[in-house]
Participant: 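Before I ask anything, let me first share the structure, which is written out below as structure tokens.
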2 protein chains.
Amino acid sequence: MSNLRELPIVETAAAGVVPCCAPLAREPLTAPDAERLAVMFKALGDPVRLRLFSMVASHEGGEACVCDIQDVGVSQPTVSHHLKKLRDAGLVTSERRGTWVFYKVVPEVMATLSGLLGQKV
Amino acid sequence: MSNLRELPIVETAAAGVVPCCAPLAREPLTAPDAERLAVMFKALGDPVRLRLFSMVASHEGGEACVCDIQDVGVSQPTVSHHLKKLRDAGLVTSERRGTWVFYKVVPEVMATLSGLLGQKV
DNA sequence: GCCTTGTTTCGACGTCTGTCGATATCCAGA
DNA sequence: TCTGGATATCGACAGACGTCGAAACAAGGC
């Protein structure tokens, strides 16, 4: 009985259903759960993407313009490519405002992942 | 100044230095930190590996024989390959006992990752 | 309408990754 | 010492991935 199904993973922004104690260490993940969660971990599994994610997460207001974070040592198209990956993985959302595009971290993501690995959320 | 350098990442089993509040969202990761952490996330970024990791973590005693966890839908060499990846990423350790090989989760890993993403550890 | 700046998409390239079957290694019993 | 079960390594292959430059798209200012 996977209580992960009730976790606010990716698209399901469920209410307040939260795990209590590192579900990942309480019982084996089911194949479907692993499938969905691995998407997130994989997205964070590239150094450039991890930095971009961290830059967005730590930027004031919880969101960042692409222009603010594109200095990570790769070309600008590559940055865009990585941001798209993060978006496809459900970790961030993007919004165009005038000339610029802003990325922000999906609120539930941090709680989901840290709740999955950690003791308390 | 990246306080992640003091985190017990992979090989550094430092004493009790622990982050307070989602470092990943407090300040941008440095490139070297991102490099090291991405290795862990990447290792968890495959569904089969994530399940194996979860199976080891949730197994009684905190360790599992390969024979206990190799039923994940892929061939035995593939399981061995994935376990090696998890080991190389510093997430698990292995130990041969007689005929069997046991894997266990590196203790600091859960705290490191959940502390990185979460509020409290 | 036409530039200019910011961002995404496209096409291509080399490398990495997950998977397998076959084979090798390790160890406990007989 | 031989045999059999448990894991690991090897070699190969298809597909995914990260990267780039070039080109396309979007929006604002002239």
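Residue numbers begin at 1 in each chain, while the letters A, B, ... track the order of the sequences.
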Participant: D/dT19, D/dT7, C/dT8: which one has an atom nearest the side-chain heavy atoms of A/V66?
Facilitator: C/dT8

Participant: Would you mind reading off the distance between B/H82 atom NE2 and D/dT9 atom P, rounded to a whole angstrom?
Facilitator: 15 Å

Participant: Is any side-chain heavy atom of A/M55 closer than 4.5 Å to one of A/V72?
Facilitator: yes

Participant: Find the distance B/K42:NZ to C/dC16:C1' and express it as a whole number of Å.
Facilitator: 8 Å

Participant: With side chains defined as the heavy atoms from C-beta onward, is the minimum distance between A/Y103 and A/R87 less than 4.5 Å?
Facilitator: yes

Participant: Using a 4.0 Å heavy-atom cut-off, does A/F102 contact any base of the nucleic acid, only the sugar-phosphate backbone, or nothing at all?
Facilitator: nothing

Participant: Side chain of A/P77, heavy atoms from C-beta onward: which of C/dT19, C/dG21, D/dA22 has the nearest atom to it?
Facilitator: D/dA22

Participant: Would you mind reading off the distance between A/R87 atom CZ and C/dT7 atom C1', rounded to a whole angstrom?
Facilitator: 11 Å

Participant: Rounded to whole Å, how long is the line connecting atom CG of A/L50 with atom C1' of D/dG18?
Facilitator: 16 Å

Participant: Is there a side-chain contact between B/I69 and B/L83 (heavy atoms, below 4.5 Å)?
Facilitator: yes

Participant: Which is more 5' along DNA chain D, the nucleotide nearest A/R97 or the one nearest A/K85? Just name the residue.
Facilitator: A/K85

Participant: Compare side-chain N and O positions of A/S75 against OP1 and OP2 of D/dT19 and report whether any pair is under 4.0 Å apart.
Facilitator: no

Participant: Rounding to an integer number of Å, can you tell me how far A/L83 CG sits from D/dT19 C1'?
Facilitator: 15 Å

Participant: Given C/dT7, C/dT19, D/dT7, which nucleotide is nearest the side-chain atoms of B/R96?
Facilitator: D/dT7

Participant: Would you say B/L50 and A/L24 make side-chain contact, with heavy atoms under 4.5 Å?
Facilitator: yes

Participant: Measure the distance from CZ on A/F41 to C1' on D/dC17 and round it to the nearest whole Å.
Facilitator: 20 Å

Participant: Indicate whether OP1 or OP2 belonging to C/dG18 is found under 4.0 Å from a side-chain N or O atom of B/R49.
Facilitator: yes

Participant: Side chain of B/S80, heavy atoms from C-beta onward: which of C/dT17, D/dC20, D/dA8 has the nearest atom to it?
Facilitator: D/dA8

Participant: Does B/K84 have a side-chain nitrogen or oxygen under 4.0 Å from the phosphate oxygens OP1 or OP2 of D/dT7?
Facilitator: no

Participant: Distance check needed: C/dT8 P versus A/E95 CD, whole Å only.
Facilitator: 13 Å

Participant: Of the listed nucleotides (D/dA8, C/dG18, D/dT19), which one gets closest to any side-chain atom of A/D46?
Facilitator: D/dT19

Participant: On DNA chain D, check which nucleotide each of A/H81 and A/T99 is closest to and give me the residue with the more 5' one.
Facilitator: A/H81

Participant: Of all the nucleotides listed (C/dT7, C/dT19, D/dT7), which has the minimum atom distance to the side chain of A/W100?
Facilitator: C/dT7

Participant: Let's see if you can work this out: which of D/dC20, C/dG18, C/dT7 has an atom nearest to the side-chain heavy atoms of A/Q70?
Facilitator: C/dT7

Participant: Can you find a donor-acceptor pair, distance only, under 3.5 Å between B/Q76 side chain and D/dA8 base?
Facilitator: yes

Participant: Is there side-chain contact between A/L113 and A/F41, with heavy atoms separated by less than 4.5 Å?
Facilitator: yes

Participant: Are the side chains of B/L91 and B/V56 in contact, using a 4.5 Å heavy-atom criterion?
Facilitator: no

